[in-house]
Amino acid sequence: MTPMKWFYSFLKRYRGLMFLGLLLTTVIAALSIVNPYLSGIIVDDVIQAGNYDLLPTLLAFLLGVTLLTGVLRFLYQLAFETASQGLLYDMRSTVYRKFLEEDFAFYNKKRTGDLMSRQTGDMEAIRHFMAYDIYAVYQNILLFAFALLMILAISPKLALCILAVLPFTALATFTQSKEVKPAFQRNRNCFSSLNAFVQENISGNRVVKAFAKEDYEKEKFQIENERFRDAQIRGSMVWMKYVPIFEILSYSLTVILMLYGGYMVIREEITLGELVRVNGYLWMLNSPLRMAGWWVNDIQNFVTSVEKIYTTYSEEPKVRTPRFAWNHADSFGYPHEKIRGDIEFKNVSYSDDGEDIVRDISFRVKAGQTVGIIGSTGSGKSTLMNLLCRFYDASSGQVLVDGTDVREMDLYNLRDNIGMAMQDVFLFSDTIEGNIAYGRPECSFEQVKRAAIMADANHFISALPDGYDTIVGERGVGLSGGQKQRISLARALLKDPAVLILDDTTSAVDMETESYIQKQLKTIKRDCTVFIIAYRISSIRDADLILVMDNGRIIEHGTHEELVAANGYYAKAFRNQYGEIPYDLLKEHKKEVTAQEAQ
């Protein structure tokens, strides 16, 4: 599908309004020939002939045509504006829904500012074309044609003299259209770049201030701003170069009329009233010639915007629900089917841009078990969970949930059964209650509060002036790192998932809070499979299975006691965090803890 065919698919719904608008435009264009015609009659039959009895009738007719034209003009502008706003609403909604369907790979290579430009500046260019340019171009073409026909009816020789200007106008219009398209593409690219730069700096303003880089960012903004200014100037120079040409060609019609038309009046080849009539039609010829350059600019801007939006829209996500998915419950509006939580990785590898991220990963987890994952930074811990959630697809091997490959499952059903507290906490500009209840907006306040208590967030939320109704800033600005982590954890817990993923969720909380959260996690129903990614041994030491990762591979696996006894990577990390502890004492301590828990 081409960009223009894609655009036309949205236009189909509003063809009726567009046709009505064009019909009214045609009537207005036809009425426009009436006033000059009556003006000629007034000169010949009233002023020169002295038949003043006709004057009131002619003036009343002129007034009536003017009022009717005003009413019709309001109606056709209303039709075009309604159609343009409706089309823009449909297009913006469709593009936004497509953005939500895109996968992580799409957002990894797209800048937020560029995507914002598609939904703002480019959409506005389309609206302007729909609401103004379509009827303006069509109306002026009709005016030009009607005026030329009327002048031909009055004097073919005078019409031929006027037509001599048209080839020059057509040549200038064609030349301008070739130059203006790349200029507008350059403008839109520079605008997107500037928009992305501003968005990034506003979002990262705390980093800028923390490193005292305000002057540095001002200089970078100056460069982006100058690029956009220069692109705008270069684009403006295109039409500025041609506007004088169109103006000269337009005024040349007046010169032709005054010279040759006046000569014909003197020779009595036409009457003075006919000359007045032709002069009235002349503006109907002048306006299209003078505005041709502007319309070429607007049309090229429209075409460029449609192409840029379509290029972004047409990128298909690599990760999507298969046609015949394991579960289609949500496709028909029914509740999602619950999964048990049995997880298995079979020889899973994943690479991106030729770089191996994880390699030959195999392990199995039964529903209700807790898995701890530890390893160096960049070892692939979070990638395993991204593959489980199918944010990416494995390059080879299989990720199985309840014995079914995740690539064969309904994507939304899979993710609805997974609760995830991400490493990079994102909070919306909403109340704290709204952020916690994001996964289950229909839940009661008591359920929200219970989840907050489990995440050890209730006490600091209650201490806020507005409690759970406190509005948090964008991305949670106004809260500490630990507070944001606990709200993120509460959001995941409230979802009541079959699989719970905690990606370094307690890294920003103190040891006492972490201990409380670990105890609360043990109260989760027994059929919830929990994955805990952490750097602290204390977060994962009680897990049923601990995976130790390094350089994209699982280098050790087992329980805490088994890994300490193996005296490998995990044991070294344990000693680094807790000091040298003899293994026999560690076993005795474990027995004591087990006995206390049993009591």
Salt-bridge contact Glu274-Arg277 (side-chain N to carboxylate O under 4.0 Å): no
Looking at Ser9 and Trp6, would you say the former's side chain and the latter's main chain have a donor-acceptor pair under 3.5 Å? yes
Which atom of Ile42 lies closest to which atom of Leu58, heavy atoms considered: CG1-CD1, 3.7 Å
Any Met422 side-chain heavy atom under 4.5 Å of Arg491 side chain: no
Measure from the side-chain N and O atoms of Arg415 to the backbone N and O of Arg390, and report whether any donor-acceptor pair falls under 3.5 Å. yes
Would you kindly say whether Tyr14 and Ser84 are connected by a side-chain donor-acceptor distance under 3.5 Å? no
Main chain of Asn35, side chain of Ser39: is a donor-acceptor contact present, judged purely on distance under 3.5 Å? yes
Can you confirm whether Met18 sits close enough to Leu11 that some side-chain heavy atom of one is under 4.5 Å from a side-chain heavy atom of the other? yes
With heavy-atom distances below 4.5 Å as the criterion, would you say the side chains of Val306 and Phe129 are in contact? no
Taking only Lys NZ, Arg NE, NH1 and NH2, and the carboxylate oxygens of Asp or Glu, determine whether Lys110 and Glu102 approach each other closer than 4.0 Å. no
Keeping the roles fixed (side chain from Thr470, backbone from Ile432), state whether a donor-acceptor pair exists under 3.5 Å. no
Taking Glu101 first and then Lys98, would you say they form a salt bridge - that is, a charged N and a carboxylate O separated by under 4.0 Å? no
Determine the interplanar angle of the Tyr76 and Tyr135 rings, folded into 0 to 90°, and report it as parallel if under 30°, tilted if 30 to 60°, perpendicular if over 60°. perpendicular
Near Tyr216 OH, under 6.0 Å, is it more than 12 heavy atoms from other residues, nucleotides or ligands? no
Is atom CE of Met237 surrounded by more than 12 heavy atoms (other residues, nucleotides or ligands) closer than 6.0 Å? no
For Leu22 and Tyr138, work out which heavy atoms get closest and say how close. O-CE2, 3.4 Å
Would you indicate whether the side-chain heavy atoms of Val278 and Ile270 approach each other to under 4.5 Å? no
For Tyr310 and Tyr313, take the angle between the two ring planes, folded into 0 to 90°, and tell me which bin it lands in: parallel under 30, tilted 30 to 60, perpendicular over 60. tilted
Of Asp352, Asp103, Asn386, Thr383, the residue whose pairing with Tyr392 passes side chain to side chain contact (heavy atoms under 4.5 Å, CB included): Asn386
Could you report the tightest heavy-atom contact between Val319 and Phe391, atom names first, then the distance? CG2-O, 3.8 Å
Within the side chain of Arg15, is there an N or O that forms a donor-acceptor pair under 3.5 Å with the backbone of Lys12? yes
As an exercise, state the distance from CZ of Arg92 to CG of Leu87, rounded to the nearest 0.5 Å. 10.5 Å
Side-chain heavy-atom pair Phe106, Leu115 within 4.5 angstrom cut-off: yes
Is there a donor-acceptor pair under 3.5 Å between the side chain of Asn140 and the backbone N or O of Ala136? yes
Return yes if some donor-acceptor pair links the side-chain N/O of Asn108 with the main-chain N/O of Phe104 below 3.5 Å, else return no. yes
Short question: side chain of Asp298, backbone of Asp133 - any donor-acceptor pair under 3.5 Å? no
Starting at OH of Tyr37, measure out to CD1 of Ile33 and round the result to the nearest 0.5 Å. 9.5 Å
Hey, is CZ on Phe99 packed in by over 12 heavy atoms from elsewhere, all under 6.0 Å? yes
Quick check: do Ser32 and Thr69 have side-chain heavy atoms less than 4.5 Å from each other? no
Is it the case that more than 12 heavy atoms not belonging to Arg13 sit under 6.0 Å from its CZ atom? no
Hey, mind stepping through Tyr438 and Phe426 against ring pair (Phe, Tyr, Trp, His ring centres under 6.0 Å) and telling me if it holds? CA-CA 12 Å; Tyr438 183 75; Phe426 184 93; 9.1 Å; no
Applying side-chain contact (heavy atoms from CB on, under 4.5 Å), run through Gln222 and Glu226 and close with a yes or a no. CA-CA 6 Å; Gln222 192 72 14; Glu226 287 175 359; 3.5 Å; yes
Lys308 and Thr304, any side-chain heavy atoms less than 4.5 Å apart: yes
